[in-house]
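Take a look at the structure set out below.
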Number of protein chains: 2
Amino acid sequence: MSNSEVVELPVLQDGDAAPCCPPITAGELSPADAEKMAAMFKALSDPVRLRLFSKIASHPGGEACVCDIADVGVSQPTVSHHLRKLREAGLLTSERRGTWVYYQVAPSVVAAMAALLDLRG
Amino acid sequence: MSNSEVVELPVLQDGDAAPCCPPITAGELSPADAEKMAAMFKALSDPVRLRLFSKIASHPGGEACVCDIADVGVSQPTVSHHLRKLREAGLLTSERRGTWVYYQVAPSVVAAMAALLDLRG
DNA sequence: CACCCGTATCGACGAGTGTCAACATAGACA
DNA sequence: TGTCTATGTTGACACTCGTCGATACGGGTG
């Protein structure tokens with residue numbers, strides 16, 4: 001349940017505070033960078049995953065129990081499936097505390113997302 | 001070839017200078033907003049599309065002829081297919097000038113993308 | 001007009017994705 | 001130990017997606 005078995009953590013987490021890829025307008029994306037960025041976007045390209053992610057991100061501390069966010073109109077296994085995808089993409093981390101499992105937004109991701117969506121024009 | 005037949009232009013272009021959706025950390029995303037945002041992310045969730053988009057975005061004026069960007073390792077019909085997807089997602093616009101077709105990055109998208117990717121963790 | 005070049009569309013194929021019901025696993029508690 | 005609750009995993013299904021070759025369209029140029 002910890003994240004130790006996650007094979008690859010793409011994008012935004014390479015060092016600690018620097019994004020993996022140059023700005024998209026700075027020049028042609030290398031195939032490798034394109035692959036990493038696409039993986040991140042892909043993880044966010046499903047409405048259910050987006051709602052799960054926003055529910056977690058908008059919780060105090062950027063963390064939430066599965067039981068608090070599971071109401072998105074799909075079955076429980078499907079919720080679990082989507083949370084796994086987000087975790088494998090490096091956007092979430094998970095931690096079991098007693099009976100419940102808590103998901104947290106990976107640190108550097110929040111700011112990047114907020115900046116994208118809060119941007120005026 | 002003009003964009004007049006595009007059925008829906010999602011995200012980031014509703015008014016002119018305001019994004020369609022609230023910041024992801026501001027609260028739970030509504031199902032409708034999640035759908036719109038997911039459509040945008042989906043358009044960017046393919047490495048080939050990402051490279052095409054970055055090639056156009058990094059060209060002077062944010063515009064490029066297809067012939068200048070077509071070298072991404074896939075066949076010409078596939079390039080055309082991906083450019084259409086980006087256009088249908090509202091991320092690009094296209095215009096025919098004589099023999100060649102030019103694609104431009106939709107205005108508000110550039111800044112948002114750059115902000116996301118240029119952000120320091 | 002005929003020809004060539006740049007780009008879009010069509011049809012088909014294999015691979016991947018979202019979803020569910022059924023089952024498995026892990027803690028809490030009696 | 002046994003049972004209940006919360007979550008993850010498995011297997012199957014329909015559907016979508018990325019890709020290509022073949023073909024069509026549109027505009028120069030001869």
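Only this structure's heavy atoms are used, side chains among them; waters, hydrogens and symmetry mates stay out. A note on names: the letters A, B, ... follow the listed sequences, proteins ahead of strands, and every chain is numbered from 1.
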Original post:
How close or far is atom P of dT7(C) from atom CG of L52(B), stated in whole angstroms?
Top reply: 12 Å

Original post:
Taking only residues two or more places apart in sequence, or in another chain, which ones meet K55(A) in a salt bridge (Lys or Arg N to Asp or Glu O under 4.0 Å)?
Top reply: E28(B)

**OP:** Take R49(A) and R97(A), find for each the nucleotide of DNA chain C with the closest heavy atom, and name the residue whose nucleotide sits nearer the 5' end.
**Re:** R49(A)

Original post:
Separation of L83(B) atom CG from dA8(C) atom P, in whole Å?
Top reply: 7 Å

Original post:
Can you tell me if the side-chain N/O atoms of K42(B) get under 4.0 Å from OP1 or OP2 in dT16(D)?
Top reply: no

Subject >> Distance, rounded to the nearest Å, where K85(A) contributes NZ and dT19(C) contributes C1' >> reply: 12 Å

Subject >> Minimum-distance nucleotide (side-chain atoms of R96(B) versus dG26(D), dT7(D), dG18(D)) >> reply: dG26(D)

Subject >> Per Y103(A) side chain, nearest of listed nucleotides dT19(D), dG8(D), dT7(D) >> reply: dG8(D)

**OP:** Enter the distance from E95(B):CD to R97(B):CZ here, rounded to the nearest 0.5 Å.
**Re:** 4.5 Å

**OP:** Go through dG6(C), dG18(D), dA28(C) for me and flag the one nearest to the T99(A) side chain.
**Re:** dA28(C)

**OP:** Provide, to the nearest angstrom, the distance between the CD atom belonging to E35(B) and the C1' atom belonging to dG18(C).
**Re:** 13 Å

Subject >> Spatial distance of atom OG (S54(A)) from atom NE2 (H59(A)) [nearest 0.5 Å] >> reply: 9.5 Å

Original post:
S80(A) has a side chain; which of dG6(C), dT9(D), dC17(D) sits nearest to it?
Top reply: dT9(D)

**OP:** State, to 0.1 Å, how close F41(A) and L44(B) come at their nearest heavy-atom pair, and which atoms those are.
**Re:** CD1-O, 3.3 Å

Subject >> Distance, rounded to the nearest Å, where D46(A) contributes CG and dG18(C) contributes P >> reply: 5 Å

**OP:** Return the residues of residues 67-79 of chain B meeting this criterion: a heavy atom under 4.0 Å from some atom of DNA chain D. Order them by number, or give none.
**Re:** V74(B), S75(B), P77(B), T78(B)

Original post:
Atom CG of L86(A) and atom OG of S94(A): how far apart are they, to the nearest 0.5 Å?
Top reply: 11.0 Å

Original post:
Could you give the CZ-to-C1' distance, from R51(B) to dG18(D), as a whole number of Å?
Top reply: 15 Å

Original post:
Looking only at heavy atoms, which two atoms of L92(A) and V105(A) are closest? And how far apart?
Top reply: CD2-CA, 3.8 Å

**OP:** Search all heavy atoms of A64(B) against all heavy atoms of I69(B) and return the closest pair with its distance.
**Re:** CB-CG2, 3.9 Å

Original post:
How sharply is the helix from dC1(C)-dG30(D) to dA30(C)-dT1(D) bent, taking the axes over five pairs at either end and rounding to 10 degrees?
Top reply: 10°

Original post:
If you round to the nearest 0.5 Å, how far is OG of S45(A) from CE of M37(B)?
Top reply: 11.5 Å

Original post:
In whole angstroms, how far is the P atom of dA21(C) from the NE2 atom of H81(A)?
Top reply: 15 Å

Subject >> Sidechain N-carboxylate O distance under 4.0 Å for K42(B), E35(B) >> reply: no

**OP:** Grab the CZ-P distance between F41(A) and dT17(C) for me, whole Å please.
**Re:** 17 Å

**OP:** Check the surroundings of atom CG in D71(A): do more than 12 heavy atoms from other residues, nucleotides or ligands lie under 6.0 Å from it?
**Re:** no

Original post:
The side chain of R84(B) lies closest to which of these nucleotides: dT19(C), dT9(C), dG8(D)?
Top reply: dT9(C)

**OP:** Describe the nucleic acid contact of H82(A) in one word from base, sugar-phosphate, nothing, applying a heavy-atom distance below 4.0 Å.
**Re:** sugar-phosphate

